Amino acid sequence: MPKLTIDGIEIEVEPGTVIIQAAERLGIEIPRFCYHERLAIAGNCRMCLVEVSPGPPKPQASCALPCADGMAVKTNSPMVKKAREGVMEFLLINHPLDCPICDQGGECDLQDQALLYGQGKSRYKEAKRAVEDKYMGPIVKTQMTRCIHCTRCIRFAADIAGVPELGAFGRGEQMEVGTYIEKSLTSELSGNLVDICPVGALTSRPYAFVARPWDLKKTESIDVLDAVGSNIRIDARGEAVLRVLPRVHEDINEEWISDKTRHACDGLKLQRLDRPYVRNAEGKLVEATWQEAFAVIAEVFHSLQPEQIAAIAGDLACAESVMALRDLWDSFGVASRDCRQDGAAIDATSRAHFLFNSTIAGIEQADVCAIIGANPRREAALVNARIRKAWRGGKLSIYQLGAEADLNYPYGHLGNDPRILADIAAGRHPLADALKAAKHPLLILGSGALARPDGAEIFAAARAIADSCNLVKDGWNGFNVLHYAAGRAGALELGFVPSEGGRDMHKIMDGCRQDDIKLVYLLGADEFDMALLSDAFVVYQGHHGDAGAHRADIVLPGAAYTEKDATYVNLEGRVQRAQRAVFPPGQAKEDWTILRALSEVLGKKLPYDNLAQLRARMEKIAPHFAQVGEITPAAWPKAPERKGHFRIDAAPFGEFIPNFYMTDPISRASKTMAECTRASASPYLEEVA
């Protein structure tokens, strides 16, 4: 391993480490524009120049120079200082002086480094170059005159997003970055281009001219628009959430987030429920007080038997509200409840049966991956990016059983006959041999595959593959369920499934149709056909006027994920906390407090008065809820006894999420997501001013 000194400090590094990386380990800052630790090295900007001896008597680019034994590097010598001033002067030759109107102002690498490393004056007197702006869709706004040709955006699109739609054309001063034929970017991660652009060439179109960074209150939180649990920062001003940015979490989202996570936040202020409503005799929802709404619920509730009552928890329901609703239902002996509103046949008897057991970061260790009935690009965009990263590492072979889709990486398509699963489990398929031979095999089972009528048989076949193909071994569990709903894993952990004698989602709907179920409590549940509720009395508790609120007889306004302190469990079983950034609108309240107040009116008060007591109750049910930010591995249960063949239908797997941009009440209310939906249907659109 080479040893070298940087500014007189000795360091030993792994072969292949470049000087800028070695300097970072020592806490020595070297300015850069084109270099990014997650992208391929380009060596374009020359801002990272250092003095190296022995070597040529001139500054060298530290991002492209591997460390060698005996090197002596100086990062702050007079030669280096003069070289950086020269590079900065060249970079600013054509850069427009429009910092006061640039959205990157206050967060601009060029601003910061011009201050720290520039001359402080300009000798340039000639006319500046002007470049025509490019259309890149509803997410990214361009001001290409500001571009310094660092090519970060090009490398991100090609390497990380897997959509090589950006490129450079022209030479020298005539070089321009764009899509050549103007079109909308088709990546679900395109918003990250704004984060990695070191100047104001690429900025956020929805956020354009909205606020300055010093105007905003910043809150660290968790995204709930998919089950990945991406770490985010919520920026708000007053009572409005203005933008969402990623936080670094190496094991989950690295430093990326999806476009839905980033830009659906404008839906938080549209179609909101801000007061209770009661349906009157004419069939119209009219405003009511909390006491009036609770009184109507209590009257109907007490007129029914426990077996005539049911509850369904939605995809965005936090763990606290699920726990409170479960305890309330248990106190009255109500056994019918379910959090699987899509009807997925997820086995909740063992944590290992419904978690992404290999973890998201563990994907990078895998050598063979089988994707069953899933489209991770739409169901969990950051999981798909991690699979692509592992594939780019050169050791991951990927196979897919299901509808063909562009996943941004090559894979072997096994067809779309679900009965192939039985052949794999029995060892009659070549994939079985590949999985058995793999050191770290991976099976990813999509929620859509489990939501079919034969979902239980598909799960049983996947479970048999895990056993027969050695997916589970010492230090490795390659059996994974790919959830798409942020609240699903937490609700399963807390047992929000039918208790003894209760009905699951399908049977609740059957009961409504047969008039056996007369009251259904929807905790933010909007993702099923409301006509299936038939004539049942429906109470809807949620934050948007979506499908559930339109069907409801009573509407109770709750809080969105940005408006409450709440716990969520991501698809790999990691317990995380969302923090309140703004207050709920109008009379809306945090969800668990609504259920706590309702319990008093119903006559059986829940035994907790604050969040700490409620979380202690959650930890009693599932002790790993105390390990916030950590993953508690799930024990692999003994294989269930089974006789006979798997009764799997020949019907092909379908597209479970047809529209990535609209999957929940928040994103369906978002104007930006509506524009993205339109652009994805026809990316070749004229830019609308």
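Values reported hereafter were calculated over all heavy atoms of this structure, with side chains retained and with hydrogens, waters and symmetry mates removed. Note that the structure is a prediction, hence the values are computed from the model and not measured.
Counting only heavy atoms from C-beta outward, the side chains of Val383 and Phe356 approach each other to under 4.5 Å. Within the 4.5 Å cutoff, the side chain of Glu493 has no heavy atoms near those of the Val575 side chain. Ile444 places a side-chain heavy atom less than 4.5 Å from the side chain of Cys369. With a 4.5 Å cut-off on side-chain heavy atoms, Ile222 and Arg247 count as touching. Side-chain atoms of Trp256 and Ile160, non-hydrogen and from C-beta on, do get closer than 4.5 Å to each other. Taking 4.5 Å as the limit, every side-chain heavy atom of Asn44 sits out of range of all side-chain heavy atoms of His149.
A pairwise comparison of heavy atoms in Gly415 and Leu401 identifies O-CD1, 3.3 Å as the closest pair. In terms of heavy-atom proximity, Val244 sits nearest to Ile257 at O-CD1, 4.0 Å. Between Ala566 and Cys318, the shortest heavy-atom contact is CB-CB, 3.6 Å. Heavy atoms only, all atoms of each residue included: Ala432 and Gly427 are closest at CB-CA, 3.9 Å.
The only option from Asn570, Val228, Val569, Leu492 that meets the side-chain contact (heavy atoms from CB on, under 4.5 Å) definition with His483 turns out to be Leu492. Each of Thr663, Asp226, Asp223 was compared with Lys260 under the side chain to side chain donor-acceptor pair (under 3.5 Å) criterion, and only Thr663 meets it.
Taking the ring centre of Tyr409 as origin, the terminal cationic atom of Arg392 falls outside the region bounded by 6.0 Å and 45° from the ring axis.
Partners of Asn357 under the side chain to side chain donor-acceptor pair (under 3.5 Å) rule, at least two apart in sequence or in another chain, do not exist in this structure. Residues meeting the ring pair (Phe, Tyr, Trp, His ring centres under 6.0 Å) test with Phe656, sequence neighbours left out: Tyr484. Checked against ring pair (Phe, Tyr, Trp, His ring centres under 6.0 Å), Phe33 has no partners two or more places apart in sequence or in another chain.
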Next item on the list: Show your reasoning for whether side chain to side chain contact (heavy atoms under 4.5 Å, CB included) applies to Leu166 and Met136.
Entry: CA-CA 9 Å; Leu166 287 174; Met136 294 187 186; 3.6 Å; yes

Item checked: Stepwise side chain to side chain contact (heavy atoms under 4.5 Å, CB included) check, Ile252 with Leu382 -> CA-CA 8 Å; Ile252 302 177; Leu382 273 301; over 6 Å; no

Next item on the list: Assess whether side chain to side chain contact (heavy atoms under 4.5 Å, CB included) is satisfied between Phe528 and Ile312, documenting all intermediate values.
Entry: CA-CA 11 Å; Phe528 65 95; Ile312 302 169; 4.1 Å; yes

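Heavy-atom neighbours of Lys439 NZ from other residues, nucleotides or ligands within 6.0 Å: at or below the threshold of 12.
Remark: the Ser258 side chain and the Thr261 side chain contain an N/O donor-acceptor pair separated by less than 3.5 Å. Side-chain contact check for Asn192 and Arg262: at least one donor-acceptor pair (N or O, by modelled atom type) lies under 3.5 Å. Side-chain atoms of Asp546 and Gln271 include no donor-acceptor pair closer than 3.5 Å. Side chain to side chain, His249 and Gln576 fail the donor-acceptor criterion of an N or O pair below 3.5 Å.
Of the possible donor and acceptor atoms, none in the side chain of Asp504 sits under 3.5 Å from a partner among the backbone N and O of Gly343. Side-chain atoms of Ser187 come within 3.5 Å of backbone N or O of Leu189 as a donor-acceptor pair. Not a single donor-acceptor pair under 3.5 Å links the side chain of Asn253 to the backbone N or O of Ser230. A donor-acceptor pair is defined here as one N or O able to donate and one able to accept, closer than 3.5 Å; such a pair exists between the side chain of Arg452 and the backbone of Pro652. Of the possible polar contacts, none joining the Arg574 side chain to the Gly229 backbone as a donor-acceptor pair under 3.5 Å is found. Proximity of a side-chain donor or acceptor of His413 to a complementary backbone N or O of Gly402 within less than 3.5 Å is detected. A donor-acceptor pair is defined here as one N or O able to donate and one able to accept, closer than 3.5 Å; such a pair exists between the side chain of His544 and the backbone of Gly267. Within the 3.5 Å criterion, the main-chain N or O of Gly548 finds a donor-acceptor partner in the side chain of Asp526. Remark: the backbone N or O of Ala581 is not paired with any side-chain donor or acceptor of Thr562 at under 3.5 angstrom. Side chain of Gln365 to backbone of Gly362: no donor-acceptor contact under 3.5 angstrom is found.
With respect to the salt-bridge test (charged N to carboxylate O, under 4.0 angstrom), the residues Glu527 and Arg488 do not qualify. A salt bridge links Arg386 and Glu364; the closest N-O separation between the charged side-chain nitrogens and carboxylate oxygens is under 4.0 Å. Between Arg419 and Asp423 there is no salt bridge, since none of the side-chain N atoms of the basic residue sits less than 4.0 Å from a carboxylate O of the acidic one. Between Asp235 and Arg243, at least one side-chain nitrogen of the basic residue sits less than 4.0 Å from a carboxylate oxygen of the acidic one, meeting the salt-bridge criterion.
In this structure, Trp476 CH2 and Leu471 CG are separated by 9.0 Å, a value rounded to the nearest 0.5 Å. Rounding to the nearest 0.5 angstrom, the gap separating the CG atom in Asn231 from the CG atom in Leu245 is 13.0 Å. Atom CG of residue Leu316 and atom CG of residue Leu225 lie 7.0 Å apart, to the nearest 0.5 angstrom. Here OG of Ser670 is found 3.5 Å from CG of Asp266. Values are rounded to the nearest 0.5 Å. Atom-to-atom distance recorded for Cys676:SG and Lys671:NZ is 14.5 Å, nearest 0.5 angstrom. Rounded to the nearest 0.5 Å, atoms CD1 (Ile666) and SG (Cys265) are 10.0 Å apart.
In this structure, His353 and Trp636 have perpendicular ring planes: the angle between them is above 60°, well past the 30° mark.
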